[in-house]
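All figures in this text were calculated on a predicted structure; none of them were measured in a lab.
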Amino acid sequence: MAQGRLNKFFKESCLMEQDFIQDGELTVGKYLEKIQKGLVAVDFKRVNLNQD
């Protein structure tokens, strides 16, 4: 049960584990690997469209 909650947390919180927006069947990490082997994200910008 705890392992499932951790997996859900990482899928929602870690960039490389999140669903790729243009193809929901791929994660960001799998998409980058598909483009070029060994390609990784080293920097990203988080945009929040809601007013907090």
Side-chain angles (χ1 to χ4, degrees):
M1 187 188 221
Q3 187 65 36
R5 288 186 181 195
L6 282 174
N7 288 339
K8 181 180 178 186
F9 170 78
F10 286 122
K11 184 173 172 86
E12 293 174 352
S13 301
C14 297
L15 175 65
M16 300 301 275
E17 299 297 322
Q18 290 180 6
D19 291 336
F20 182 61
I21 196 162
Q22 293 178 350
D23 184 359
E25 295 180 6
L26 292 174
T27 63
V28 173
K30 288 180 183 176
Y31 173 76
L32 292 176
E33 192 69 27
K34 183 176 120 178
I35 297 300
Q36 181 179 350
K37 188 163 179 76
L39 193 63
V40 295
V42 294
D43 190 23
F44 70 95
K45 303 284 184 199
R46 184 178 181 124
V47 177
N48 185 359
L49 300 177
N50 298 326
Q51 293 180 356
D52 291 324

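- In terms of hydrophobic clustering, with Ile, Leu, Val, Met, Phe, Trp and Tyr side chains grouped at heavy-atom distances under 4.5 Å, Leu15 and Tyr31 are assigned to a common cluster.
- Of all non-hydrogen atoms in Leu32 and Ala41, the two that sit nearest each other are CD1-N, 3.8 Å.
- A search for side-chain contact (heavy atoms from CB on, under 4.5 Å) contacts involving Ala2 returns nothing, not counting sequence neighbours.
- Ile35 and Phe44 fall within a single hydrophobic cluster, where Ile, Leu, Val, Met, Phe, Trp and Tyr side chains are chained together by heavy-atom contacts under 4.5 Å.
- Counting only residues at least two apart or in different chains, salt bridge (Lys or Arg N to Asp or Glu O under 4.0 Å) contacts with residues 35-47 comprise Glu33-Lys37.
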Just list the side-chain donor-acceptor pairs under 3.5 Å for residues 17-28, sequence neighbours left out, or say none.
| residue | atom | partner | partner atom | Å |
| --- | --- | --- | --- | --- |
| Gln18 | NE2 | Glu12 | O | 3.0 |
| Asp19 | OD1 | Lys11 | NZ | 3.2 |
| Asp23 | OD1 | Glu25 | N | 3.2 |
| Thr27 | OG1 | Lys30 | N | 3.1 |

